[in-house]
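Report on the structure given below.
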Amino acid sequence: MAGTGFPGFIIVFGLLAFIGSTNAQLQMNFYAKSCPKAEKIISDYVKEHIPNAPSLAASFIRMHFHDCFVRGCDGSVLLNSTNGQSPEKNAVPNQTLRGFDFIDRVKSLVEAECPGIVSCADILTLVARDSIVTVGGPFCQVPTGRRDGVISNVTEANNNIPSPFSNFTTLLTLFNNQGLDTNDLVLLSGAHTIGIAHCPAFSRRLYNSTGPGGVDPTLDSEYAANLKTNKCTTPNDNTTIVEMDPGSRKTFDLSYYTLLTKRRGLFNSDAALTTDSTSLGLINQLLSSPQSFFYAQFAKSMEKMGRINIKTGSQGEIRKQCALVNS
Ligand code: HEM
Ligand SMILES: *[C@@H]1O[C@H](CO)[C@@H](O)[C@H](O)[C@H]1NC(C)=O
Ligand SMILES: *[C@@H]1O[C@H](CO)[C@@H](O)[C@H](O)[C@H]1NC(C)=O
Ligand SMILES: *[C@@H]1O[C@H](CO)[C@@H](O)[C@H](O)[C@H]1NC(C)=O
Ligand SMILES: *[C@@H]1O[C@H](CO)[C@@H](O)[C@H](O)[C@H]1NC(C)=O
Ligand SMILES: *[C@@H]1O[C@H](CO)[C@@H](O)[C@H](O)[C@H]1NC(C)=O
Ligand SMILES: CC(=O)N[C@H]1CO[C@H](CO)[C@@H](O)[C@@H]1O
């Protein structure tokens with residue numbers, strides 16, 4: 001009997017371990033025992049250094065989004081080329097990401113405190129969370145315990161990260177592919193209440209569309225004329241930057257949604273949010289509610305995005321350097 005009990009034990013134990021690893025969950029303050037100072041080191045660094053370079057806050061929120069949409073939130077956006085493969089960093093939408101060196105510095109501080117414990121995926125998620133606070137936005141719950149991926153593939157980034165030229169159907173498909181819904185699409189796009197864009201993300205709406213003078217008829221004509229005169233003065237300008245939420249790009253408020261209803265959303269993908277009745281309904285609900293409603297809903301969608309396809313337990317690795325897989 002003992003002879004048959006042993007393999008049975010192995011099978012049961014193996015099954016439990018299997019269930020344990022696939023069910024491994026993120027948890028609040030995952031590093032409480034293994035690296036109790038980690039979250040404080042990260043938020044202290046953000047609080048100390050973002051004020052010197054406030055525009056980085058927006059870049060980190062966007063970087064976290066780009067990380068999560070490709071292979072899940074596994075820090076793959078941070079990797080340099082692995083095995084000669086062109087990484088996500090080289091993808092069209094990544095060409096304007098900034099602050100990789102900042103993440104590397106945070107990682108070094110955390111490594112000095114507790115080597116090999118805290119993942120780059122969690123560091124980016126926490127830096128994004130703390131960045132939102134530096135621009136006055138909500139404090140989002142960020143459970144931790146993500147592990148780092150070892151693959152970063154430029155084609156996957158180009159295929160999964162939505163383009164500013166997308167219509168509503170395409171945006172929703174890309175969000176649905178990540179387990180996110182219309183509400184998440186509308187709320188997370190609200191991050192465009194801060195930050196900047198380069199002309200190529202929208203200049204076809206100014207020069208190469210179907211309205212008079214090549215202007216997109218769904219874009220407010222006065223706003224378009226202003227952008228053509230004062231900002232993107234030629235169709236090929238690829239260096240000028242424009243505030244996505246003019247006059248309010250440093251405050252995390254509802255004005256992005258107000259602009260959408262005035263046909264002043266900067267990208268096709270912003271304007272597209274008013275072309276679907278469910279999405280427009282939510283925009284109107286946000287605008288008729290206190291800002292705290294937007295904050296609470298935005299924070300929920302951020303937490304949901306932060307759980308996309310995460311690696312936990314023994315999956316992936318804890319990178320030593322965020323730009324390199326462990327050798
Ligand atoms: C819905 C689909 C989305 C599209 C098509 C899109 C596209 C873009 C583009 C083209 C830019 C300008 C980049 C540049 O030219 O420098 C941008 C900026 C930005 N995006 Fe999005 N985005 C989307 C959703 C999101 C989401 C979900 C977030 C985060 C929750 C986000 C956060 C940001 C931020 C904060 C900036 C400003 C970056 C900076 O100032 O450096 N976006 N986005
Ligand atoms: C990753 O690439 C960036 C830009 O090409 C470079 O500055 C950085 O030193 C690289 N990081 C490592 C660890 O090789
Ligand atoms: C990168 O991803 C694309 C799209 O999924 C795939 O076709 C390609 O083989 C991948 N590249 C490598 C080097 O794995
Ligand atoms: C949205 O864009 C996609 C891809 O460009 C296109 O195939 C589709 O027909 C468009 N849908 C609508 C409703 O315009
Ligand atoms: C204008 O759009 C057309 C069709 O989308 C494209 O073929 C052409 O290259 C564009 N021209 C410029 C100057 O962007
Ligand atoms: C910007 O445009 C210039 C001139 O047209 C070109 O040489 C340069 O490569 C472009 N830069 C990017 C990032 O596309
Ligand atoms: C920040 C970053 O890595 N940007 C890269 C994006 O991709 C282009 C090439 O497609 C690189 O030249 C940039 O350095």
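Every heavy atom of this structure was used, including side-chain atoms; hydrogens, water molecules and symmetry mates were not. Nothing fancy with the numbering, it's 1 onward along the sequence. For ligands, and for the atoms within them, numbers begin at 1 and follow the listed sequence.
- In Asn83, the CG atom is not crowded: 12 or fewer heavy atoms of neighbouring residues, nucleotides or ligands sit closer than 6.0 Å.
- Atoms of ligand 1 found under 4.0 Å from any heavy atom of Gly195, numbered from 1 in the order shown, are 37 (C), 40 (O).
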Where do Asp44 and Lys40 land on the salt bridge (charged side-chain N to carboxylate O under 4.0 Å, His left out) test, with the steps shown first? CA-CA 6 Å; Asp44 284 351; Lys40 186 166 176 352; 2.7 Å; yes
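- Ranked by closest heavy atom to atom 8 (C) of ligand 4, the top entry among Asn268, Thr169, Asn167 is Asn167.
- Under a 4.0 angstrom heavy-atom cut-off, Arg98 registers as being in contact with ligand 1.
- When His192, Glu243, Met63, Gln95 are checked for heavy-atom proximity to atom 42 (N) of ligand 1, His192 turns out nearest.
- Looking at Lys304 and Asp184, a side-chain N of the basic residue comes within less than 4.0 Å of a carboxylate O on the acidic one, giving a salt bridge.
- Taking every heavy atom of Thr170 and a limit of under 4.0 angstrom, the matching atoms of ligand 4 come to 1 (C), 2 (O), 3 (C), 4 (C).
- Contacts of Ser166 with ligand 1, taken as heavy-atom pairs under 4.0 Å, are absent altogether.
- Note that OG1 of Thr82 is 10.0 Å distant from CG of Leu324, once rounded to the nearest 0.5 Å.
- Closest heavy-atom approach to atom 10 (C) of ligand 1 among the candidates Ala57, Ser59, Pro164: Pro164.
- By the neighbour-count criterion of 12 heavy atoms within 6.0 Å, atom NZ of Lys250 is sparsely surrounded, having that number or fewer from other residues, nucleotides or ligands.
- Only side-chain heavy atoms of Ser269 come within less than 4.0 Å of ligand 1; its backbone N, CA, C and O stay farther off.
- Scanning all protein heavy atoms for the shortest distance to atom 8 (C) of ligand 1 gives Phe267 CE1, 3.4 Å.
- In this structure, Phe175 has a heavy atom closer than 4.0 Å to ligand 1.
- With a 4.0 Å cut-off on non-hydrogen atoms, Leu97 does not touch ligand 1 at all.
- Defined by atom type and a distance below 3.5 Å, a donor-acceptor pair is missing between the side-chain atoms of Asn284 and Tyr257.
- For Ala201, every heavy-atom contact with ligand 1 shorter than 4.0 Å involves the side chain, none the backbone.
- Nearest-residue assignment for atom 29 (C) of ligand 1 (options Ala191, Ala58, Ala272; heavy-atom criterion): Ala191.
- Shown here, atom 11 (N) of ligand 4 is in close reach of the protein: a heavy atom of it lies under 4.0 Å off.
- Between Phe60 and Phe102, the ring-plane angle classifies as tilted under the 30° and 60° cut-offs.
- Geometric assessment of Arg105 against the ring of Tyr45 yields a negative cation-pi assignment under the 6.0 Å and 45° thresholds.
- By the criterion of a heavy-atom distance under 4.0 Å, the side chain of Leu171, and not its backbone, is placed next to ligand 1.
- Note on ligand 1: Ser189 sits in its first shell, one or more heavy atoms being nearer than 4.0 Å.
- Checking Ser248 against Thr251 by side-chain atom types alone, a donor-acceptor pair falls below 3.5 Å.
- Close N/O approach between Asn80 and ligand 2 is found [any backbone or side-chain N/O within under 3.5 Å].
- Protein heavy atom in closest approach to atom 19 (C) of ligand 1: Arg62 CD, 3.2 Å.
- Within the 4.0 Å heavy-atom cutoff, Met244 counts among the residues contacting ligand 1.
- A salt bridge links Arg71 with Glu156; the closest basic N to acidic carboxylate O contact falls under 4.0 Å.
- The single protein non-hydrogen atom nearest to atom 26 (C) of ligand 1 is Phe65 CD2, 3.4 Å, given as residue, atom name and distance.
- Arg263 has no carboxylate O lying under 4.0 Å from a charged side-chain N of Glu222, or vice versa, which leaves the two without a salt bridge.
- Hydrophobic clustering (ILVMFWY, side-chain heavy atoms < 4.5 Å, transitive): Ile42 and Ile50 are in one cluster.
- Contact annotation for atom 2 (O) of ligand 4: protein present (non-hydrogen atoms, distance under 4.0 Å).
- Residue Ala197 has at least one heavy-atom neighbour below 4.0 Å for each of these atoms of ligand 1: 12 (C), 14 (C), 15 (O), 16 (O).
- For ligand 1, the polar-atom distance check against His198 finds a nitrogen or oxygen pair separated by under 3.5 Å.
- Ser163 O, 3.2 Å is the protein heavy atom nearest to atom 5 (C) of ligand 1.
- Residues Phe298 and Phe252 bring their aromatic ring centres within 6.0 Å.
- Using a distance-only test at 3.5 Å, with no hydrogens or angles considered, a donor-acceptor pair links the side chain of Arg319 to the main chain of Gly149.
- With a 4.0 Å heavy-atom cut-off, ligand 1 is reached by the backbone of Ile196 and by its side chain too.
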